[in-house]
Amino acid sequence: MTSKKNLGEKIRSLWEEGGRFHKYWPLFEAFDTFLFSLGTRTSRAPHVRDSLDLKRVMTIVIYALVPATCFGIYNIGVQSRMAHGLEPDFLLSVWTGLLVFVPLLIISYGVGMFWEIVFSVIRREEVSEGYLVTGLLIPLIVPPTIPWWQLVVAITFAVILGKEVFGGTGMNVVNPALAARAFLFFAYPAQISGDGVWFKLVKGRAVVDAFTGATPLALGAASKDMGLTAADAITRQYSFMDSFLGFIPGSIGETSKLAILIGAALLIYSGVASWKIMVGCLAGLCGTTWIMNLLAGPDSTGMTTLSPLHHLLLGGFLFGVVFMATDPVSSPETSSGKWVYGILIGVMTATIRVINPAYPEGTMLAILLLNVFAPLIDYVALRINIRSRRLRYAQ
Amino acid sequence: MAVFTVRKGLDLKIAGSPEKTLSKAVSSRFVALKPAEFPGIKPKLLVGEGDAVKAGQPLFHDKNKPDVMFPSPAGGTVREIRRGARRVITDFIVEVDETESWVEHESWDETRLAQASGQEIIDRLLKGGMWPVFRQRPFGKIPDPHLPPRSIFINGMNTEPLAADPDLLMRDREKSFHFGIRVLKKLTQGRIYLCLKADGREQAFAGADGITVHRFKGPHPSGLVGTHIRFIEPLKSGERIWFLRTIDVADIGQFFQTGRFPVERIIALSGEGVKEPKHYRTRLGTRASDLTADRLENGSFRIISGTVLTGTEIQPDGFLGFYNTTCSVIPDSSRRDFMGWAMPGWKKFSTVNAYCSSLIPRKHFPFDTRLHGGVRAIVNIGAWEKVFPLDIHLYYLVRAVLAGDLQEAEALGLLEVTEEDVALSTFACPSKIELGAIIRNGLDLYEKESI
């Protein structure tokens, strides 16, 4: 035991002040505190502190992402096998999924952590835990066919220009994972949208006759031209239950609403993510689509007729709401601001999905837009607070 | 009377609450006054090492307000004037004589008090060394005797963890308390508020005429003066209030009645490190080692003059503070847990339900002196607000102070808080930000710039 401890001290001294690798101290610190929690003591009142630290906060979010990740891996295989007309055998599906997902995960953490450590070393700061969650989110919000090199470029863009230029975790304006996705969306639209990207197909193997490759929302968007309501166009291929459980094509983590709800329950119970934002988002989306349904009238076709429930079950809305809109750094700090922010995300998503002909899905753009507006929302909430205080002073 | 309910807050489930019994007296051969615990005071010595002093005789006064005197807690000899970093005086140590002599002031009765003017009373409080029991909001410092307050708040609560029981501290002191109230009435044209806990039985104090009684229920900080002011009568721009505790009022009454500076204190010795946590009768500024002798468990502990939320760490040969009625002894630890971030954490306490410990109700959690994490940029998951009942946007207040934007900070409520009001938020912060230090820094800057 003692010799083990001595070896530990010896290794440690290499990285400490005066040691050979002191320049890379953040790297050692990150690894060291990964293994053992920090033993630092309080130097002033309060003398006792909450056991919660940022590592634990991020860990909770990762735990919450586990169900969606596991199902996502399985579903990659299921979708691929069904497109080829094969039985969705469980083990083979998981195997196919792992072959797709694990490289994406390795790329994501490898590239992201590389940049995090580079910036920590430059800034002489401890490595922040922010990327732990971002690194898992990114592979979950891309299609399974995303080219690896594009992912590398997107992550580099997101970490450097989405976060580090603002000062790192805690200072960023937009959610870094969404920044990565937005980069892919606008730089390489062919690989992240349309009908060709949602199924991992094996080259040379035949696909089933009816295979279109379209996501449910894409079917909905096209329904008007076919003279159908969006719901009819979608349910011809995907039942409500499939949409809820997640047996539909889409970005890897977004398809299973059940898995996402399990994660949401953990986030809300633990208090790590704001339920106000989640409820606000749902209210915004349901309210807006309900009004659109009413305005559309009985005999209309196309997306305006799609019910709020369908909107919730399809696309990346629920995933975005639970895991990305609630990012504490890029969402408003004030309680009233959280409500406004959430509702507006819902409204914007519905508007883009229904009214904009170019994009079948609007969650990402809605969240990014409201990320940018979050400081403004807070500003208004603060002015109201300041005004009420001034009125109190003036009495 | 009104009953106010504080909803946001937290009563720490920490082991070692003091029994509500008073044990035999603890005597100390050495007692001390600690200039550093009076914020904003620049001490100017009035006696030197080796000088003989009487109990109640001023040891030092404030350079900026020379009439604010700080009295010796005992009659004897000034044994040592300890200095810390940058020659700041940390302890003014007096060795207690067996035959103590006292500074004797005239003892007053009701009629004498009725004839006295406000100025006469202030002069007597200043001269007798009683003035430091008053503190003012904003800033939480000893007030300027020449600037009268809007109102006076008397605090009969102590909701901090492991704190002394205010009822026990006030036992048999009704007469002094009522005399003290009459003294206070001469100091202000405004109201005098008495804040008590909702389920308290202190009817004797509530009966004092001419004061307004309000009751508070809910978790800490329902017993902090900052909370009381905000709920009862918020501060307006340019206003100030004075505040003190029920025991201070009784001390003032006793001082006027007997003519002697009251040096007796009741201290709760509490915390996990104490064998039998209870209250002890002792003297102001008593030495920690005399209080803790033979009363501690074996192990490594931190001794805190005050509570775990707002107290000051002292060494065993250090002394208890002027305002402290609690001496907390908690385990000192720097243990490192293996992969603590991933483990279930059955015994770890958190204000948010981040550990499995939240699934099972527990009476106590093992609290020690660890920070539990590295200092990070602020990532606000709502932990600060969860335990903070005032209508202040703490995140933006802290940001404004850090940016040096004092005008914005004031608009956001800087003057309504001191470090004790944000202690729970500091406790709960996952990024381990020292909110108390930031707020105190902001208050100091504000004061400096407004002169």
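Letters A, B, ... mirror the listed sequences (proteins, then strands); counts begin at 1. Worth saying up front: this structure is predicted, and the values here are computed from it rather than measured.
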If the threshold is 4.0 Å, N to carboxylate O, is there a salt bridge linking Asp368(B) and Arg49(A)?
no

Begin with the C-alpha distance, continue with both residues' side-chain angles, and end with the deciding distance and a verdict on salt bridge (Lys or Arg N to Asp or Glu O under 4.0 Å) for Arg41(A) and Asp332(B).
CA-CA 8 Å; Arg41(A) 281 177 284 194; Asp332(B) 199 19; 3.0 Å; yes

Where Arg336(B) and Phe36(A) come nearest, the two heavy atoms and their spacing:
NH2-O, 3.1 Å

Are Arg383(A) and Glu408(B) close enough for a salt bridge, meaning some N to O gap below 4.0 Å?
yes

Is Arg44(A) salt-bridged to Glu313(B), going by a charged N under 4.0 Å from an acidic O?
no

Can a donor-acceptor pair be found, under 3.5 Å and without considering hydrogens, that links the side chain of Tyr396(B) to the backbone of Asp378(A)?
no

Ignoring hydrogens and angles, tell me if any N or O in the side chain of Asp337(B) forms a donor-acceptor pair with the backbone of Ser37(A) under 3.5 Å.
no

Measuring heavy-atom distances to chain B, does Val57(A) have an atom under 4.5 Å in its side chain, in its backbone, in both, or in neither?
side chain

Do Ser270(A) and Asn353(B) get their side chains close enough for a donor-acceptor pair, meaning under 3.5 Å?
no

Any donor-acceptor N or O pair under 3.5 Å, side chains Ser358(B), Tyr269(A)
yes

Flag, side chain of His47(A) to backbone of Gly311(B), donor-acceptor distance under 3.5 Å:
yes

Report yes or no: do Ser237(B) and Arg390(A) form a side-chain donor-acceptor pair below 3.5 Å?
no

Without swapping roles, check the side chain of Trp341(B) against the backbone of Thr59(A) for a donor-acceptor pair under 3.5 Å.
no

